[in-house]
2 protein chains.
Amino acid sequence: MKLTLKDIAHSLGVSTATVSNAFSRPDQLSADLRERILGEAKRLGYRGPNATARSLRSGKTGTIALVLTERLQYNFEDPVATRFLHGVSEIFDQQNINMLLLPSRAEFYRNNTVDSLADGFVIYGPPRDSSVLERIVVRGKPTITVDFNLPEVRSLNIDNFHGARDAARHGLKAIENGPLAVLALRVLTESEVVGRIQDDDVLASPYESVSRRRLDGYRAALEETKRSLDNEWVWNVPESRYEYGYQAAREALMSNPRPKLLLCMSDRLALGAIAAAQDLGLNIPQDLKVIGFDDIATAAYQRPALTTVHQPQNEKGRQAAKMVLGLSEYTKDVLLEAKLIVRDSC
Amino acid sequence: MKLTLKDIAHSLGVSTATVSNAFSRPDQLSADLRERILGEAKRLGYRGPNATARSLRSGKTGTIALVLTERLQYNFEDPVATRFLHGVSEIFDQQNINMLLLPSRAEFYRNNTVDSLADGFVIYGPPRDSSVLERIVVRGKPTITVDFNLPEVRSLNIDNFHGARDAARHGLKAIENGPLAVLALRVLTESEVVGRIQDDDVLASPYESVSRRRLDGYRAALEETKRSLDNEWVWNVPESRYEYGYQAAREALMSNPRPKLLLCMSDRLALGAIAAAQDLGLNIPQDLKVIGFDDIATAAYQRPALTTVHQPQNEKGRQAAKMVLGLSEYTKDVLLEAKLIVRDSC
DNA sequence: TTGTAAGCGTTATCAG
DNA sequence: CTGATAACGCTTACAA
């Protein structure tokens, strides 16, 4: 048996409008009548206004959608993404907001008009297929992009350039003039394999990507010491995974001259790299120095503890949530600091 | 400018019903007309039927809700929960299902009629305030419970009893007749502190809880060797956290006689316990043996690698998703195996 | 194969 | 302070 506002109204001899007000706008009716209505509703087992009907009429859903990676799965795997969601959910918890998780793969949106399902959107990272953005970025609904930019849309980023530059500076000082290699994350747009960047590879990506900024940061530090970064010493890695870090580092460490420093664009890559180095019998930091990026939890736990660039993922999540809810103290684009944390690996 | 079905219908001189069919029931009209409608929609910038209106009418939302812990945050912190969500999202990814994350705290449901927001519910763990269940368990919407049971609702569990019993058997064989302690997770219903179970503490919980089953498993193994478990040697811990494991283990290890075996109801507790032991100068497994539960990723990585009971969280997530979507190969309650994995710590 | 029309359960507007 | 009534945008019998 399905109960509606009408049933309550009927049973009490009042109008549906009044019952609606009793639930949604308490100030619109006498406390007394409201009491009676709520009591009757409870007695009959009515649980409150139907959410879909309410949204259809009011245009509000009480839900914020997070547009994540191609496949949702990834977000429960990668500690960086998970930490971001942790921050977001802290604010949603406080504000009683429903959290809708959406993948960014285009196919998902073919039969799915999600823009009506949420009051706002947080787009975490650039979708591979940018047509998704056209379906989502609807005028009128608050939308913010995280880790990339879109014209006309507020963005939240961390300062990848300076974080990377500081990391590289620190590393370069430690190895002086020794050789180095970079494990770069998705710096080639379409490549799905681990490998050196070839001279003729194109480094451009459709958005000013996180990786690109980090690479530029590394470069800037090298230039300060009159060095430059040869593409040959940059490994492209398609995803932030331990195994890829292992593989790329192994290739790099078996090259001649053997790098004394590995600049890694994520901690997971760095952890894989350390394992590869250890398996080759190298000591860290004596034989090889490794610097990561992200500062995931294990970076501090593991031995040797990882020197890395801390990015405030938790705070980033909180900021993203506040921005989309209009609760942020900032009114424009936000750039959070990324700070070098020196531990044992360099 | 907001576009609706009507606008498309108008612009083409057909009825709204036909436009609706063009999007939702292609077999109801000629391929030719459909082509024309879709073309016009695209030209005008119409993105497809509004999801709220569609659900109001059809009763379907394309969304499955996961009712998680009190605060959503926790699920992005605890690797066990995260792994479960990983499994769930794998199936949702395949089936293009929207994933709605809901906290289980009662307050959230006061002004929120969520039952209309989703086509089905997965309730992961018993809510502290069971009134939430009344608001959610609606006849007609597929609902399944995970890690607990509810009358009339399909459930998914792992075999906690046998997993724990096997763990305890293995540990008891290793220490022969030595003393042991248990780090028990939320085995006291209301306690928020770490501490020994007092004789007069009540062990009952409103549901047959996971912890209770694990405790019974430990007990069963002890009884096989004619031993029994004194409450005094059971520490209650309010949440599965490293720090609590550390604290409880420290208390246990400073007691007399000092336990030779720690049976821990989660890996995070076990990892904390190992750290506490090491800080007390104990060697594992020589001086102390530790067995965990869950088999989280770090259990295998860390040194000494943790002996633990593997629970198939990923598969559990997949099963939960399949069950709620009616895609499961099982038709009744499901019980997954929990298997002892022997590594270095015992 | 296509069109007509009656809702789905609310909330907003406006009048009383 | 309360009540009629008209949307909200769509789906689905049923009729043509």
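Heavy-atom basis, side chains included; hydrogens, waters and symmetry copies ignored. Chain letters run A, B, ... following the sequence lines, proteins first, then strands; residues in each count from 1.
- Using a 4.0 Å heavy-atom distance criterion, A:Ser30 is classed as a sugar-phosphate-only contact.
- Counting non-hydrogen atoms under 4.0 angstrom, A:Asn21 reaches nothing in the nucleic acid.
- Each of B:Ile91, B:Ile144, B:Thr143 was scored for a side chain to side chain contact (heavy atoms under 4.5 Å, CB included) with B:Met323, with one residue passing: B:Ile144.
- Atom CD of A:Gln28 is surrounded by more than 12 heavy atoms from other residues, nucleotides or ligands within 6.0 Å.
- DNA chain C is contacted by both B:Leu29 and B:Ala53; B:Leu29 maps to the nucleotide lying nearer its 5′ end (nearest heavy atom per residue).
- Remark: P of C:dT2 and CD of B:Glu35 are 13 Å apart, rounded to the nearest angstrom.
- In this model, no side-chain donor or acceptor of B:Arg57 finds a partner on the base of D:dG9 within 3.5 Å.
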*asked:* Would B:Phe23 and B:Tyr46 count as a ring pair (Phe, Tyr, Trp, His ring centres under 6.0 Å) here? Give the steps.
replied: CA-CA 11 Å; B:Phe23 280 98; B:Tyr46 178 71; 5.5 Å; yes

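- B:Asp115 is not listed as a side-chain neighbour of B:Ile136, based on a closest heavy-atom distance of 4.5 Å or more.
- For B:Tyr46, the side-chain atoms get nearest to D:dC10 when compared with the rest of C:dT10, D:dA4, D:dC10.
- Between D:dG3 and A:Thr18, a contact under 4.0 Å exists linking OP1 or OP2 to a side-chain N or O.
- For the pair A:Asp7 CG and C:dG9 C1', the interatomic distance rounds to 10 Å; values are reported in whole Å.
- One interatomic measurement links the two molecules: CG of B:Asp32 to C1' of C:dT2, which rounds to 14 Å at whole-angstrom precision.
- For the OP1/OP2 pair of D:dT11 and a distance below 4.0 Å, the side-chain nitrogens and oxygens of B:Ser20 include at least one atom meeting the criterion.
- Atom CD1 in B:Ile37 sits about 12 Å away from atom C1' in C:dG3, given to the nearest Å.
- Closest approach to the A:Leu33 side chain among D:dC10, D:dT2, C:dT10 is made by D:dT2 (side chain taken as heavy atoms from C-beta onward).
- Within the nucleic acid shown, A:Leu5 comes within 4.0 Å of at least one base atom, counting heavy atoms only.
- If you measure from atom NZ of A:Lys6 to atom P of D:dA6, you get 13 Å, rounded to the nearest angstrom.
- Nearer to the 5' terminus of DNA chain C, by closest-nucleotide assignment, is the contact made by B:Gly13 (compared with the other of B:Gly13 and A:Gly48).
- Nucleic acid contact class of B:Thr4 (heavy atoms, under 4.0 Å, all strands): sugar-phosphate only.
- Residue contacts for B:Phe23: at a heavy-atom cut-off of 4.0 Å it reaches no nucleic acid atom on any strand shown.
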*Before giving the answer on salt bridge (Lys or Arg N to Asp or Glu O under 4.0 Å), spell out for B:Arg318 and B:Glu90 the whole-Å C-alpha distance, their side-chain angles and the decisive distance to 0.1 Å.*
CA-CA 7 Å; B:Arg318 280 194 297 260; B:Glu90 182 181 332; 3.2 Å; yes

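- Counting to the nearest Å, the P atom of C:dA12 and the CD atom of A:Gln28 are 10 Å from each other.
- The NZ-C1' distance, from A:Lys60 to C:dT10, rounds to 16 Å in whole Å.
- Each of B:Leu56 and B:Arg25 lies near DNA chain D, and the nucleotide nearest B:Leu56 is the one positioned closer to the 5' end.
- Within 4.0 Å (heavy atoms only), B:Ser24 reaches sugar-phosphate atoms of the nucleic acid but no base atom.
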